[in-house]
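Protein chains get the first letters and strands the later ones, always in sequence-line order, with residue 1 at the start of each.
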There are 2 protein chains.
Amino acid sequence: MPDIRRLRRTSPRTNGVARYTEIQRALETAIFSGDWPPGTRVPSEQELLKRYRCSRMTVNKALSALAASGLVVRRRRSGSFVAQRQGEKNVLQIHDIEEEIQREGKSYRVKLVSRSERKATKRDAARLDVPVSTRILALTCVHYGEERPLVAEDRLINLDAVPSATEVDFNETSPGNWLLKQVPWSEAEHHIRAVNASEDIAEHLEITEGEACLVVERRTRHGGRSITHVVLSYPGDGYQLVARFSPSQG
Amino acid sequence: MPDIRRLRRTSPRTNGVARYTEIQRALETAIFSGDWPPGTRVPSEQELLKRYRCSRMTVNKALSALAASGLVVRRRRSGSFVAQRQGEKNVLQIHDIEEEIQREGKSYRVKLVSRSERKATKRDAARLDVPVSTRILALTCVHYGEERPLVAEDRLINLDAVPSATEVDFNETSPGNWLLKQVPWSEAEHHIRAVNASEDIAEHLEITEGEACLVVERRTRHGGRSITHVVLSYPGDGYQLVARFSPSQG
DNA sequence: GAGTGGTCTAGACCACTGA
DNA sequence: CAGTGGTCTAGACCACTCA
């Protein structure tokens, strides 16, 4: 039999926004405005539940969200504090080339320049982070949008991890896109730098040797196992990466 | 008076890990392993609370965390589904130069190359995204670590937003670091590209003209107001950005 | 209409740690 | 020791939407 005290109405939402969202926004506003500089103590859950007349779970959800986004640090016994501002956590999206070109409605084509199935040399092994002699597939190709070269790709694939790669015709599908379907969830680490185009790269991208190129190097793992290593070279004047930081997003 | 039914013991944790974390990890494992490819329906809250013998709030917390990290999409009436893999959300940290150098224990120095207080020209206004004739401060400087030039900085500051900038001696503190303290929480958008070093940049960085440089361009806002715009030029062979993607981190 | 997620409550026990 | 956050429960009402 339900307790009568439990039957009272849930406090109505002010408009369509959840109670905890309301509290979270109020706290964010105080932080972003500078009223509560880093190190300031945020009101405790007890104080907040009194102020907002709601249950502890509700204020806890608001504070937990702020903690998850890195805006506050929570410490037992001491309380919650506005986090020290640290290196901005920017969100950088790196899309698959094929999808990116096709999303813009441009015609896409990939040209396979070279393909070599072999046992990893010392150099290969270091690049891919696998033992020497692991069976690998080495590919170089160029991606075209509207028949103009946009990216040069130099890739190694660990055949122990993805043996079926040997059977794929990479003149038809880009290696990146194919791998994405094979190993849908993986970890990646990117290194981004600028280099002067080598003779090879210049030829592939139809630019002059020495022109600045943006180079994105990516190593992909899945469950601790190295899947692939790729070096993507973009002509400097034709591509840029965009990274965003918004404190409310963490 | 407490209800006797409420007094029974909380189900003991398996080790030190929270119940909802345990559930979350189990679901993540199924997703990362490929057992549940994108589009697969995740068990409903009802199914999970039966399987794990816990309350709905607990499984809800696990599922909400997965949704927040982008790993699953939740839809009313339909259920929760493994998300389609999209452009990887990489986390890219861009630190303040001064802090970054000092964190490595290197000696830091900034040299102010030029300083100009003026009304925004058309070009300034476009860069900073403010109306023409807004009062601005234009700075160019070079940052040194161990007395070697590491970065060239070209910055505009909106004096309407940060009037006290006029009184600062930027030979002593880097503009970026100072602004960080003035406007602790702000939004930033970065564009990253590669360019061949101009004559000026080459001179500042003590490199040869035409050498590839990594250029990070950042526009910072606070509450919709443009604060500053900065172009940072790094010698291509001396710097690289690192971005990480890890699906469990979202 | 019924199943699903979204939110909320009023408690409860616990671990941790600063005063 | 007492305050704080961390977690959990057994309900409840609601909105949405698919079948």
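- Between B:Ser78 and A:Val42, it is A:Val42 whose nearest contact on DNA chain D lies nearer the 5' terminus.
- D:dT4 atom P lies 9 Å from atom NZ of A:Lys50, rounded to whole Å.
- By the 30° and 60° cut-offs, the orientation of the rings of B:Tyr234 relative to B:Tyr239 is parallel.
- The base of C:dG5 sits with one of its N or O atoms less than 3.5 Å from a complementary donor or acceptor on the side chain of B:Arg56.
- For B:Tyr20 and D:dC8, the shortest distance from a side-chain N or O to OP1 or OP2 is not below 4.0 Å.
- If you measure from atom CZ of A:Arg19 to atom P of D:dC13, you get 19 Å, rounded to the nearest angstrom.
- Proximity of A:Ser80 to the phosphate of D:dG5: a side-chain N or O atom is located under 4.0 Å from OP1 or OP2.
- Between A:Arg127 and A:Glu217 there is no salt bridge, since no side-chain nitrogen of the basic residue lies less than 4.0 Å from a carboxylate oxygen of the acidic one.
- Here the C1' atom of nucleotide D:dC8 and the CE atom of A:Met57 are 8 Å apart, to the nearest Å.
- For the pair A:Thr21 and A:Arg77, both in contact range of DNA chain C, the more 5′-proximal nearest nucleotide belongs to A:Thr21.
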>> Run the salt bridge (charged side-chain N to carboxylate O under 4.0 Å, His left out) test on B:Glu28 and B:Arg25 for me, step by step, so that the C-alpha distance in whole Å, both residues' side-chain angles and the decisive distance to 0.1 Å come before the verdict.
In response: CA-CA 5 Å; B:Glu28 283 174 351; B:Arg25 295 224 182 113; 5.5 Å; no
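- In this structure, A:Thr58 reaches the C:dT9 phosphate: one of its side-chain N or O atoms is under 4.0 Å from OP1 or OP2.
- Between B:Arg74 and C:dG6 there is a side-chain N or O to OP1 or OP2 distance below 4.0 Å.
- Atom P of nucleotide D:dT4 and atom CD of A:Gln46 are separated by 7 Å, given to the nearest angstrom.
- Between the CZ atom of B:Phe81 and the P atom of C:dG3 there is a distance of 16 Å, rounded to whole Å.
- Between B:Val110 and B:Ser174, the shortest heavy-atom contact is CG1-N, 4.3 Å.
- Rounded to an integer number of Å, the gap from CG of B:Asn60 to P of D:dT9 is 12 Å.
- Nearest nucleotide to the B:Arg41 side chain, out of D:dT4, C:dT4, C:dC8: C:dT4.
- Protein atom CD of A:Glu45 is 8 Å distant from nucleotide atom C1' of D:dG6, rounded to whole Å.
- A:Glu88 and B:Arg218 are joined by a salt bridge, as a carboxylate oxygen and a charged side-chain nitrogen come within less than 4.0 angstrom of each other.
- Atom CZ in B:Arg76 sits roughly 12 Å away from atom C1' in D:dC13 (whole-Å rounding).
- OP1 or OP2 of C:dT7 sits under 4.0 Å from a side-chain N or O of A:Lys61.
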